[in-house]
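Below, read A as the first sequence line, B as the second, and so on, with proteins coming before strands; counting in each chain starts at 1.
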Protein chains: 2
Amino acid sequence: MRAAVIEIGSRDKILDAAEDLFSRRGFAGIGMREVADAVGLSKSSLFHHFSSKAELYAAVVGRILDIIDQRTMAALAIGGDVLTRFDRWLDTLMDTLAEHHNAGRLLLRSLFEDDELNGTSAEERHVDETIKHVFGAVSRLLQEGMQAGVLRKRSIPHVLQSLVGLTVYHFASGEFGEEMFGQSLFTPQLVRHRKDEVKALLHDGLMSGRARVTTKRGKGGSES
Amino acid sequence: MRAAVIEIGSRDKILDAAEDLFSRRGFAGIGMREVADAVGLSKSSLFHHFSSKAELYAAVVGRILDIIDQRTMAALAIGGDVLTRFDRWLDTLMDTLAEHHNAGRLLLRSLFEDDELNGTSAEERHVDETIKHVFGAVSRLLQEGMQAGVLRKRSIPHVLQSLVGLTVYHFASGEFGEEMFGQSLFTPQLVRHRKDEVKALLHDGLMSGRARVTTKRGKGGSES
DNA sequence: GTCTATAGCTAGATAGAC
DNA sequence: GTCTATCTAGCTATAGAC
């Protein structure tokens with residue numbers, strides 16, 4: 001313990017400002033000048049800390065992915081049965097998305113905007129690896145649950161897609177979502193409600209009749 | 001019936017090219033020059049058909065929203081009980097997203113990128129109105145189902161968010177999704193499988209135990 | 001580590017010939 | 001309806017002083 005005053009380095013200030021801006025208008029939508037103005041530095045100073053705009057963007061995305069990764073692993077490491085760990089992970093993920101208002105949009109962008117950043121720099125490879133690390137851990141949890149018989153046997157990739165769609169998209173939906181709910185997406189009540197709705201949907205689905213036990217499926221293979 | 005040859009006007013050719021490009025890299029990520037090159041026209045000719053880049057973008061998004069809107073209304077108008085209409089609409093929506101490879105990404109962008117296009121032009125207002133029209137129709141269907149007791153009583157906005165997340169996000173997930181599934185997102189088998197998975201999840205959820213009938217909920221209000 | 005100055009390029013949009 | 005030429009303004013990135 002040293003001084004109580006927290007000194008935030010320029011690098012972190014740049015990352016903070018860039019995160020806000022990139023999350024709103026994406027990589028191509030933001031110029032280094034806007035970032036510089038937001039931090040209160042000159043454009044050139046940014047290039048002293050990050051060798052290119054792409055590296056700055058990758059650093060921004062990497063930073064929030066590291067948080068997701070670390071909190072995912074922590075949530076899964078505590079233990080408990082599969083359902084306990086699954087629900088705990090969902091809560092943790094959505095709490096993280098709620099705490100970091102830019103996280104949802106940045107994640108969604110990095111998932112569905114391939115062309116923006118297919119780079120080969122260390123920072124960009126780190127982004128790819130971290131995403132795969134998180135998805136790998138959740139995949140193993142789902143597989144364990146299906147083998148143990150507590151989760152219905154479904155396609156793991158499809159469930160992963162559904163989980164992203166249910167959680168990340170919601171917190172990324174911005175003004176559109178806020179208009180639908182009539183309030184900020186990040187109020188404690190709405191966050192709590194979203195967590196409940198997602199878990200309820202994943203647990204029991206939408207249909208109320210209990211007669212429905214199996215769903216008729218297309219003749220599509222069990223593959224894909 | 002006149003000639004069998006289909007004459008595609010310049011306007012449509014521009015829209016086609018712009019759709020491909022905008023869906024991949026977004027509004028800010030594409031320049032009018034790239035669009036012009038793709039169509040085989042000069043940049044200036046584009047401005048003869050669309051008075052600005054923003055108007056071109058709005059026209060692109062509006063065109064696919066019109067398709068979604070028209071097919072949604074058609075699917076709901078056929079009739080049948082609530083569950084039949086709901087499943088038919090889900091099938092129709094996902095078939096449309098599968099047929100128009102750019103639709104998912106464009107829709108997702110127009111939903112979560114507020115800052116790109118908050119304009120006041122006629123084209124942009126049309127986009128907003130069409131989105132609301134579709135969501136309104138689905139909302140009424142959900143409400144009817146909940147009142148009739150065939151759907152669990154859930155927050156309509158939350159269900160709408162979940163439906164977008166489960167359907168649109170999947171078809172927008174691009175290279176990331178394709179890497180996860182090991183194939184194009186648009187193969188007939190994978191499309192059929194996605195439709196089945198989404199409907200199965202919405203019907204019954206993920207948990208296999210039938211003991212679970214009600215889910216414990218947070219103490220959050222029934223509002224939001 | 002921050003600055004000014006600037007290179008080199010591309011952006012969206014307009015003017016006006018044909 | 002398409003073109004060339006051009007305007008102004010922006011961009012990423014670098015050079016080099018302090």
Side-chain angles (χ1 to χ4, degrees), chain A residues 5-62 109 113 115-124, chain B residues 5-62 109 113 115-124:
Chain A
V5 179
I6 299 172
E7 281 292 341
I8 303 177
S10 283
R11 197 188 149 90
D12 290 315
K13 281 191 219 161
I14 295 170
L15 285 171
D16 288 341
E19 183 183 294
D20 263 348
L21 293 167
F22 282 138
S23 75
R24 280 207 285 273
R25 292 210 294 281
F27 177 75
I30 294 298
M32 293 297 264
R33 189 207 143 106
E34 288 178 84
V35 179
D37 286 352
V39 198
L41 286 176
S42 80
K43 225 174 27 167
S44 303
S45 298
L46 267 51
F47 286 96
H48 176 79
H49 296 277
F50 303 93
S51 68
S52 72
K53 182 186 169 186
E55 195 173 294
L56 170 59
Y57 185 73
V60 166
V61 176
R109 286 187 190 281
E113 296 189 344
D115 283 11
E116 305 283 60
L117 230 57
N118 55 349
T120 47
S121 78
E123 302 262 27
E124 297 174 53
Chain B
V5 179
I6 300 173
E7 280 292 340
I8 303 178
S10 283
R11 197 188 149 91
D12 289 314
K13 282 191 219 162
I14 296 170
L15 285 172
D16 288 340
E19 183 183 294
D20 262 349
L21 293 166
F22 282 139
S23 76
R24 280 207 284 274
R25 293 210 293 281
F27 177 75
I30 295 297
M32 294 296 264
R33 189 208 145 106
E34 288 177 84
V35 179
D37 286 352
V39 198
L41 286 176
S42 78
K43 220 173 35 164
S44 303
S45 299
L46 267 51
F47 286 96
H48 175 80
H49 297 275
F50 302 93
S51 68
S52 71
K53 182 184 167 186
E55 196 173 293
L56 170 58
Y57 186 73
V60 166
V61 176
R109 286 187 191 281
E113 296 189 344
D115 283 10
E116 306 281 61
L117 232 55
N118 56 346
T120 46
S121 78
E123 302 262 28
E124 297 175 54

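Across the protein-nucleic acid pair, B:L41 atom CG and D:dC3 atom C1' stand 10 Å apart, rounded to whole Å. Rounded to an integer number of Å, the gap from A:F50 CZ to C:dT2 P is 12 Å.
Not one side-chain nitrogen or oxygen of A:H48 sits closer than 4.0 Å to the OP1 or OP2 atom of C:dC3. Within the 4.0 Å cut-off from OP1 or OP2 of D:dG1, not a single side-chain nitrogen or oxygen of B:S45 is found. In terms of phosphate contacts, A:S10 brings a side-chain nitrogen or oxygen within less than 4.0 Å of OP1 or OP2 of C:dT2.
One distance of note links CG of A:L41 with NE2 of A:H49; it measures 6.5 Å at 0.5 Å rounding.
At a threshold of 4.5 Å between non-hydrogen side-chain atoms, the residues B:F50 and B:M32 do not count as touching. When side chains are defined from C-beta on, B:F22 counts as touching B:L56, because their heavy atoms get closer than 4.5 Å. Within the 4.5 Å cutoff, the side chain of A:R109 has heavy atoms near those of the B:E113 side chain.
Using modelled atom types, one finds a donor on one side chain and an acceptor on the other under 3.5 Å when comparing B:S121 with B:E124.
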### Task
Would you mind building the protein contact string for nucleotides 6-18 of chain C? One character per nucleotide, 5' to 3', B for base within reach (heavy atoms under 4.0 Å), S for sugar-phosphate only, - for untouched.
-----SBBBB---
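Of all the heavy atoms in B:E34 and B:G29, the pair that sits closest is OE2-O, 3.8 Å.
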